[in-house]
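Just so we're clear, the structure is a prediction, and the values are computed from it rather than from any experiment. Throughout, a chain's letter reflects where its sequence line sits, starting with A, and its residues are numbered from 1.
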Protein chains: 2
Amino acid sequence: MLEKKQNPLFVGTLAKGLRLLRAFDESHVSLSLAELVTLTGLEKSAVQRMAHTLHQEGMLERDPGTRRYRPSHAWLELAYAYYWSDPLISRVLPKLVEFSRVHGETVNLAQISGDHIIYSLRLPNQRTQFAASIVGRRVPALGTASGRVILATWSDDEVAHALETWPIRAATPKTITDRGAIADGIACASQDGYSITQGQMMLNEISLAVPIVGIDGRANAALQVAVSSHSFDIERVREELLPALLDTASGIPG
Amino acid sequence: MLEKKQNPLFVGTLAKGLRLLRAFDESHVSLSLAELVTLTGLEKSAVQRMAHTLHQEGMLERDPGTRRYRPSHAWLELAYAYYWSDPLISRVLPKLVEFSRVHGETVNLAQISGDHIIYSLRLPNQRTQFAASIVGRRVPALGTASGRVILATWSDDEVAHALETWPIRAATPKTITDRGAIADGIACASQDGYSITQGQMMLNEISLAVPIVGIDGRANAALQVAVSSHSFDIERVREELLPALLDTASGIPG
DNA sequence: ATCATAAGTATCAAATAATGATACTGCAAC
DNA sequence: GTTGCAGTATCATTATTTGATACTTATGAT
């Protein structure tokens, strides 16, 4: 292996095993040995060994018929441990449930995670798409109301750096890919204390986000509501949902 | 290492790394190196290397101040991949959301996972406890309405074997730990097509579960509603919630 | 059916990469 | 200050992973 030399504490074998786990995503729900080989870039023999071990250890399910591997229930157990470990979760969850019940609209907790945001709590309603109903989804932060409203609480330097280097992915024809326009959006969010986007991740979707700020005024997370533009226009979102969402967020120590 | 000889394909290093991940749970939300050593039973050096690697690979967060490790957002990403990979999830989710909206009570999808059930979808309401709101929780199957109603669709041999060998954990003073009584409960569930328990996992909780059966009549999952015994008695659960829950479950191909 | 090709499985010699003992450093409590 | 403990760094030893290859089983085309 002529890989880049790492710290001698780095255990390559473990890292390889993790690459198998990471190979699974929404477009790779089950993988054969051969597919794992191409996706991970590892040797066939290595994949064989890692897959065998992960299966033995209960991290991969295996269909005896097709011989394909799938994520096991253990992946949900890990999420369970995560939820207990992140102190923000237990503070946000009851407020989010309350908001969901009162307004009947989809609400999420979004946390910054590098240059993406990750949805860590989601309360879907009947109209919510599958992908928007399940936790753990990551999307480029600059393309979301949540990401922008979080950034809006950061220093100018950090915002400038993010605007230069963070990725943008056009998910709909209406996705704003111009970094100047995004900068304006963040500036507005900074002024207003909230951010509204339309059709950025999905067409016909209006998204409203407010930050969860700490005592220092800085946010690493946001509450976000998603509504259909068929039932709401931006003005109505601002009038009906914004005050309640701000109220909810302000009751949460960041 | 004088461990039991495994298949030569078994990669011990990877298995050790996974043990670090598994060390985290609801009572171990963050762990120091020393704690990891005692919990995993591995050598200090090994834990040092594994933790370093997991941190490098983004699987463990590390507080620079306390030097303690915590689960990272990657653990939620794994859950995301799981959700896409399990075809039952997308079939159940919309029905569960609908049920939750109509009745306003906590509903769960419980799946059998060895001798435990695991809650893979949860829609909490305001009264729901934290532990009962987050997915990935595992509890001994025999102690739950869901577990019993699933078992009720299995063959007599399988049920007998489960009754003999599966674990039971007394979670409340009212938990039924007598295997004969549980056998009766399963027999009833088999007759009735549902199971109701009271105060098994938590005092003052009534739990109703119905199976999600496949074409062969066999179930690996159940829908479950939890209500407070302050607001409901068993009779009212049977009258108001049971028909709707049966209806919901029957619309889901197992 | 038969064959051809691909996918999965098993084996093994070579040497890399993990091991674990130990020594070092820094922090915190006494 | 001194002591004790947790975390970090180092290194010779060798157990473990490695990856090439051969074997077996599935798949699907003719």
Side-chain angles (χ1 to χ4, degrees), chain A residues 1-24 27-72 85, chain B residues 1-24 28-57 59-72 85:
Chain A
M1 298 221 84
L2 45 154
E3 305 275 323
K4 56 190 178 294
K5 271 274 161 40
Q6 295 264 13
N7 183 322
L9 288 175
F10 188 83
V11 179
T13 309
L14 175 53
K16 285 185 197 170
L18 296 175
R19 283 170 77 172
L20 297 226
L21 301 184
R22 295 245 173 83
F24 294 86
S27 49
H28 301 98
V29 298
S30 85
L31 292 170
S32 67
L33 212 69
E35 290 166 337
L36 279 167
V37 169
T38 62
L39 277 169
T40 60
L42 300 176
E43 300 285 335
K44 183 181 175 182
S45 303
V47 171
Q48 180 189 180
R49 283 190 293 270
M50 302 300 162
H52 172 84
T53 306
L54 290 168
H55 176 53
Q56 286 276 316
E57 293 294 307
M59 291 300 296
L60 287 180
E61 219 62 63
R62 191 178 127 110
D63 183 317
T66 66
R67 297 168 178 190
R68 297 175 74 81
Y69 294 94
R70 294 188 312 108
S72 80
S85 77
Chain B
M1 299 223 83
L2 45 154
E3 305 275 325
K4 56 189 178 296
K5 274 272 162 44
Q6 294 265 13
N7 184 320
L9 289 175
F10 188 83
V11 179
T13 309
L14 174 53
K16 284 186 198 171
L18 297 175
R19 282 170 78 171
L20 296 225
L21 301 184
R22 295 247 173 84
F24 293 86
H28 301 99
V29 297
S30 85
L31 291 170
S32 67
L33 210 68
E35 289 166 338
L36 280 167
V37 170
T38 63
L39 278 168
T40 59
L42 301 175
E43 300 285 333
K44 183 183 175 182
S45 302
V47 172
Q48 180 189 179
R49 283 191 292 270
M50 302 300 162
H52 172 84
T53 306
L54 290 168
H55 177 52
Q56 285 276 315
E57 294 294 308
M59 291 300 295
L60 286 180
E61 219 63 63
R62 190 178 128 109
D63 183 316
T66 66
R67 297 168 178 188
R68 296 176 74 80
Y69 294 95
R70 293 189 312 109
S72 79
S85 77

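Distances shorter than 4.0 Å separate some side-chain N or O of T13(B) from OP1 or OP2 on dT17(D). Between R49(B) and the phosphate of dA18(C), there is no side-chain N or O to OP1/OP2 separation shorter than 4.0 Å.
The interatomic distance linking N7(A) (CG) with dC11(D) (C1') rounds to 14 Å, in whole Å. E35(A) places its CD atom 9 Å from the P atom of dA7(C), with the value rounded to the nearest Å. Whole-Å rounding puts the R67(B) CZ to dG7(D) C1' distance at 6 Å. In this structure, NZ of K44(A) is placed 12 Å from P of dT21(D), rounded to the nearest angstrom. Look at CD on E43(A): it is 10 Å from P on dT18(D), rounded to the nearest Å. Straight-line distance from the CG atom of L36(A) to the P atom of dA7(C): 13 Å, rounded to whole Å. Remark: C1' of dG8(C) and CZ of R62(A) are 8 Å apart, rounded to the nearest angstrom. The interatomic distance linking L14(B) (CG) with dA18(C) (P) rounds to 12 Å, in whole Å.
Side chain S45(A) to base dA20(D): a donor-acceptor pair is found below 3.5 Å.
Counting heavy atoms from C-beta on, the side chains of T13(B) and M50(B) come closer than 4.5 Å.
Nucleotides of DNA chain D nearest to Q48(A) and T66(A) differ in position, and the one nearer the 5' end is that of Q48(A).
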